[in-house]
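Scroll down for the structure; my scribbles are underneath it.
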Amino acid sequence: SYEEGLFLASMSYTAPSTGDASDRSWTIRIGTGGNMYSHRAPDLHGETMPPQNYASPNTSAQQAPWIDEVYQMVAVNTNLNGNQNRYGRKAYFHHQAGAYQSDPDYMRQTGQEPFYSPNLARHCEDNWCAFASWGTHAHVQNKWFGNPAMESIGTPFTSPVMYITKFSNCGDGVIEVTQLIHNFAPSSAPSASVEQNYFNVAWTGIRTSSLPHALEPNITGVLQFTDPENVDSVSQCFFTNANNPNEQIKDLDQLGGYTAFVSDELRTNAPITTLEMPCRKAVGGVLQSCSGGGARTCMVDSCTDTDVNAGHKRLELRIKAGQTNPCRTHANYLHAANGEFYSGIKCKLHDTGFGQNTANLVSYDPCKPWTKMGFRRPDGNILEVLHVKHWSWGSGDEWTFFAIRNTNHNGAKNEANAFLRNGSTNDWEIEVVHMNPYVVPTGYNPSNDASAFTFVYGQGDDYTNNGNNVGGDSRRRIGSTARDATIHTINWWKTGANVASGQTYINRSFMFASKLGAVETIGNDLNSKVEVDKLNSNEYNPRAVDLYQSGNSFKAVAAATSEGDVTTCGSAASKVCSGTSTPSVGKIPFFYVTCGSETYFGSDPYHFTPGSGEYFTFPGHNDDFRETSKTGYNQPIRSYACRPQGDADIDVNLRPRWKLIGFFDLGCTGLDTLTHDESVCDAPSTSHPTTASPTSSPTTASP
């Protein structure tokens with residue numbers, strides 16, 4: 001299991017046994033990046049986060065186990081992201097969670113794990129836990145930009161981004177989340193190379209099968225849902241097409257401050273869009289060829305009756321007369337939903353002559369995830385369909401690719417064959433239908449029957465576009481995917497949204513699970529407590545951190561009190577450097593890095609990275625990176641690799657480890673080869689508490 005390499009900590013809250021909040025217990029799990037990858041509400045809807053996307057290690061597709069559909073911050077330099085003239089047009093995204101499994105030699109071989117963003121520091125106390133991590137370039141191979149045939153493995157970029165996340169248990173099911181994005185590049189670094197200017201705070205995925213509805217209050221905080229004819233639902237069309245400025249992408253000052261994802265017990269009589277089938281194109285009344293290369297261009301996702309009259313051919317599903325076993329298993333096709341992996345199959349359901357169509361449908365109405373989809377026979381019986389991958393693909397075959405509610409390959413094939421077996425002398429028309437039409441059950445009470453998970457992000461009051469002190473503006477984006485995941489993100493963006501060298505962005509927001517009836521009261525109360533700020537390096541109040549050396553070993557000792565400036569150590573050790581516990585003027589983070597038996601202490605987190613000091617030097621990038629095979633140009637920057645030791649070949653299974661020691665000025669030199677040793681001083685131990693159970697009895701406090 002990849003989770004063994006991911007897990008860093010868990011936090012839990014046990015609700016009182018009686019009262020309105022008795023069902024609000026929760027457990028969260030936190031990865032090495034300090035990001036939440038699991039939220040479980042055992043007395044409500046169960047797991048909140050989506051199932052994770054991964055397959056066998058050597059498959060060619062990019063995988064993302066606990067990399068993408070988790071709760072995490074993301075920082076982007078839009079000047080470098082997809083730059084058309086430099087760096088091979090590579091993507092520049094710092095994930096808090098880690099990198100996609102796109103470097104096969106280092107991440108996809110048997111026994112290897114994804115590169116999860118490394119933990120730098122952690123601490124738990126009273127009702128909270130805080131974590132610091134080093135932001136990781138997510139796209140270590142991608143085909144978003146440039147010529148796919150000339151793509152090379154790796155990123156040409158370094159990362160100056162540190163993420164800090166604090167989770168606080170506020171009681172009654174509420175979790176306060178404080179997010180910090182710190183740019184630790186030295187002030188001498190060129191701003192165009194290190195500045196971050198587009199952000200997700202945070203990006204997350206919600207398990208659609210458990211929480212298919214999205215509700216938001218109006219701008220005054222009123223949330224309507226008790227009358228199915230008047231529900232404050234938000235459209236959830238496919239995320240990459242979420243371009244409706246009135247609903248799926250909206251500035252925070254036009255919203256009510258929170259989004260609630262709600263279970264299927266909710267009923268809404270929103271209009272359902274009839275599903276449209278793809279069509280083979282006609283030009284001048286002549287059908288386009290779907291043979292050979294034409295298979296990729298001959299299809300359109302839908303067409304009108306006027307188009308059909310002009311020569312387009314609409315794909316229609318049918319089972320031929322006498323067809324007894326139209327379905328086959330389909331290797332490497334699994335659909336994740338409800339915490340299960342359902343086996344994909346292919347069935348002969350249409351005429352030949354059609355080309356490639358990527359449907360990626362998980363609901364009858366793509367903008368309403370609660371609308372279940374099915375195939376209906378002429379006798380009225382319906383087979384539930386969880387996912388349609390392709391309505392058609394090859395012009396010479398009749399295959400439609402889809403998944404049903406069966407986790408066994410042969411079981412899924414046999415179930416579909418039994419349903420689609422046509423022993424008659426006539427072809428059967430197969431109709432795609434909406435399986436759960438609108439019905440209000442007797443005694444309908446969504447306030448008590450429906451579960452909700454709510455993000456409280458405020459109304460953007462702290463941004464300059466709304467007359468306050470933090471530059472830029474903020475918006476909410478939402479949309480569905482072809483997986484069991486609804487994407488929800490808060491962007492900090494527009495002119496003025498930037499984190500330059502030494503600066504830190506801070507965002508305090510909230511999340512909670514509850515019955516739907518409690519959402520409005522809790523959400524409106526927390527809305528006023530959301531805060532956003534940005535700090536310069538001179539605005540912290542740190543405590544002193546001093547380095548003491550004894551022989552070839554050293555230890556960092558922090559002052560005993562907040563903002564204290566006195567440290568103590570044994571008489572055998574000498575104080576050799578003075579620093580601080582937070583960013584401060586003229587100081588940058590120093591790391592203790594290990595690669596196998598080698599160690600390093602200093603300000604360069606890439607010290608052991610292959611190529612460091614040759615074709616790149618932090619905080620710079622590989623400026624010669626191009627889409628070309630010219631020698632030396634396409635050398636990637638692999639922070640997750642260790643340079644070869646001695647004359648040995650590089651060990652692709654060896655990963656570096658990092659620890660944040662403190663913030664010091666660049667004059668703190670000569671310690672790079674020393675070994676970090678907690679026994680250097682006789683000062684009281686500063687070891688961290690266990691992270692498996694950080695708060696056995698968390699204190700409840702008001703947010």
| message | Show the nearest heavy-atom pair for residues Lys494 and Asp251, with the distance to one decimal. | response | NZ-OD2, 3.7 Å
| message | Side chains of Asn498 and Gln503, heavy atoms from C-beta outward: is any pair under 4.5 Å? | response | yes
| field | Expected output: side-chain Thr48 to main-chain His39 donor-acceptor under 3.5 Å | value | yes
| said: For the backbone of Lys529 and the side chain of Arg508, can you confirm whether one donor and one acceptor N or O come within less than 3.5 Å of each other? | reply: yes
| Picking from Thr165, Ile506, Val499, what satisfies side-chain contact (heavy atoms from CB on, under 4.5 Å) with Leu180? | Ile506
| remark: Rounding to 0.5 Å, atoms CD1 (Ile30) and CZ (Phe7) come to a distance of 8.0 Å
| Over all atoms of both residues, closest heavy-atom pair of Ser474 and Asn491 | OG-O, 2.8 Å
| field | Reported CG-to-OG distance for the pair Asn183 and Ser501, which is rounded to 0.5 angstrom | value | 4.5 Å
| said: Would Gln459 and Asn527 count as a side chain to side chain contact (heavy atoms under 4.5 Å, CB included) here? Give the steps. | reply: CA-CA 8 Å; Gln459 294 175 282; Asn527 183 27; 3.1 Å; yes
| query | Rounded to the nearest 0.5 Å, what separation is found between the OG1 atom of Thr136 and the NE2 atom of His95? | reply | 10.0 Å
| request: Run the salt-bridge test on Glu113 and Arg655 with the 4.0 Å N-O cut-off and return the result as yes or no. | output: no
| request: Carefully, step by step, assess Met49 and Thr204 under the rule side chain to side chain contact (heavy atoms under 4.5 Å, CB included). | output: CA-CA 8 Å; Met49 311 292 283; Thr204 195; 3.7 Å; yes
| task | Would you mind reporting whether Met511 and Val177 have side-chain heavy atoms less than 4.5 Å apart? | result | yes
| request: Would you please test Tyr198 and Asn81 for side chain to side chain donor-acceptor pair (under 3.5 Å) and show each step? | output: CA-CA 10 Å; Tyr198 181 89; Asn81 182 42; over 6 Å; no
| said: Under 6.0 Å between ring centres: does that hold for Tyr92 and His94? | reply: yes
| message | As an exercise, state the distance from NE2 of His137 to OH of Tyr100, rounded to the nearest 0.5 Å. | response | 13.5 Å
| remark: So OG of Ser574 and CG of Leu547: to nearest 0.5 Å the spacing works out to 12.5 Å
| Shortest non-hydrogen contact from Glu678 toward Lys555 | OE1-CE, 3.2 Å
| What distance separates Asp473 CG from Leu252 CG, expressed to the nearest 0.5 Å? | 7.5 Å
| Do side-chain atoms of Tyr606 reach the backbone of Ser159 as a donor and acceptor pair under 3.5 angstrom? | yes
| query | Does the side chain of Trp134 come within less than 4.5 Å of Leu660's, by heavy atoms? | reply | no
| Less than 6.0 Å separating the ring centroids of Trp66 and Tyr2? | no
| said: Minimum heavy-atom separation for Asn622 and Ile637, please, with both atom names. | reply: N-CD1, 3.9 Å
| message | Test side chain to side chain contact (heavy atoms under 4.5 Å, CB included) on Ile175 and Tyr13; report intermediate values, then the result. | response | CA-CA 10 Å; Ile175 303 173; Tyr13 166 72; over 6 Å; no
| task | Compare every heavy atom of Pro160 with every heavy atom of Val194, then report the nearest pair and how far apart it is. | result | O-CG, 3.9 Å
| said: Going by side-chain hydrogen bond (donor to acceptor under 3.5 Å, both in side chains), Ser578 matches just one of Asp665, Asp565, Thr567, Asp546. Which one? | reply: Asp546
| field | N/O donor-acceptor pair under 3.5 Å between Ser581 side chain and Arg543 backbone | value | yes
| request: Could you please spell out the steps behind the side chain to side chain contact (heavy atoms under 4.5 Å, CB included) verdict for Thr489 and Phe239? | output: CA-CA 11 Å; Thr489 186; Phe239 185 79; 4.3 Å; yes
| With distance as the sole test, does Ser509 use its side chain to make a donor-acceptor pair with the main-chain N or O of Val530 at under 3.5 Å? | no
| query | Short question: side chain of Gln52, backbone of Pro50 - any donor-acceptor pair under 3.5 Å? | reply | yes
| said: I'd like to know if the side chain of Thr158 reaches the main chain of Gly620, judged simply by a donor and an acceptor atom lying under 3.5 Å from each other, with no hydrogens or angles considered. | reply: yes
| request: Give a yes or no on whether the ring-centroid distance for His621 and Phe157 is below 6.0 angstrom. | output: yes
| field | Backbone of Asp68 reached by a side-chain donor or acceptor of Trp203 within 3.5 Å | value | yes
| query | Taking C-beta and beyond as the side chain, do Phe115 and Arg638 meet within less than 4.5 Å on heavy atoms? | reply | no
| query | Quick one: does Thr178's side chain get under 4.5 Å of Trp128's, heavy atoms only? | reply | no
| Got Arg29 and Glu3 here, is their nearest side-chain heavy-atom distance under 4.5 Å? | yes
| field | Pair Phe184 and Phe591, ring centroids less than 6.0 Å apart | value | yes
| task | Using side-chain contact (heavy atoms from CB on, under 4.5 Å) as the criterion, list what pairs up with Ala573, not counting sequence neighbours. | result | Tyr548, Ser550, Cys569, Val680
Donor-acceptor pairs under 3.5 angstrom involving side-chain atoms of residues 70-80: please list them, not counting sequence neighbours.
residue: Gln72; atom: OE1; partner: Gln96; partner atom: N; Å: 3.2
residue: Gln72; atom: OE1; partner: Ala97; partner atom: N; Å: 2.8
residue: Gln72; atom: NE2; partner: Ile67; partner atom: O; Å: 2.8
residue: Asn77; atom: OD1; partner: Asn79; partner atom: N; Å: 2.9
residue: Asn77; atom: OD1; partner: Leu80; partner atom: N; Å: 3.2
residue: Asn77; atom: ND2; partner: Ala192; partner atom: O; Å: 3.1
residue: Asn77; atom: ND2; partner: Glu195; partner atom: O; Å: 2.9
residue: Thr78; atom: OG1; partner: Asn197; partner atom: OD1; Å: 3.0
residue: Thr78; atom: OG1; partner: Asn197; partner atom: ND2; Å: 3.2

| task | Check the angle between the aromatic planes of Phe455 and His488 and answer parallel, tilted or perpendicular using the 30° and 60° thresholds. | result | parallel
| said: Show the nearest heavy-atom pair for residues Ser133 and Gly33, with the distance to one decimal. | reply: OG-O, 2.7 Å
| said: Students often mix this up, so state it plainly: with edges at 30° and 60°, are the rings of Phe601 and Phe554 parallel, tilted or perpendicular? | reply: tilted
| message | I'd like to know if the side chain of Thr580 reaches the main chain of Thr582, judged simply by a donor and an acceptor atom lying under 3.5 Å from each other, with no hydrogens or angles considered. | response | yes
| Validation row: Ile181, Val161 side chains within 4.5 angstrom (heavy atoms) | yes
| request: Kindly indicate whether the side chain of Gln112, heavy atoms from C-beta on, has any atom under 4.5 Å from the side chain of Asn653. | output: yes
| query | Going by distance alone, is a donor N or O of one side chain under 3.5 Å from an acceptor N or O of the other, for Asn127 and Ser168? | reply | no
| Aromatic rings Phe590 and Phe664: how do their planes relate, parallel, tilted or perpendicular, breaks at 30° and 60°? | perpendicular
| remark: Quick note, side chain to side chain donor-acceptor pair (under 3.5 Å) partners involving residues 585-594, not counting sequence neighbours, are none
| Heavy-atom count around Asn552 CG within 6.0 Å, excluding the residue itself: above 12? | no
| Within the side chain of Asn200, is there an N or O that forms a donor-acceptor pair under 3.5 Å with the backbone of Ala202? | no
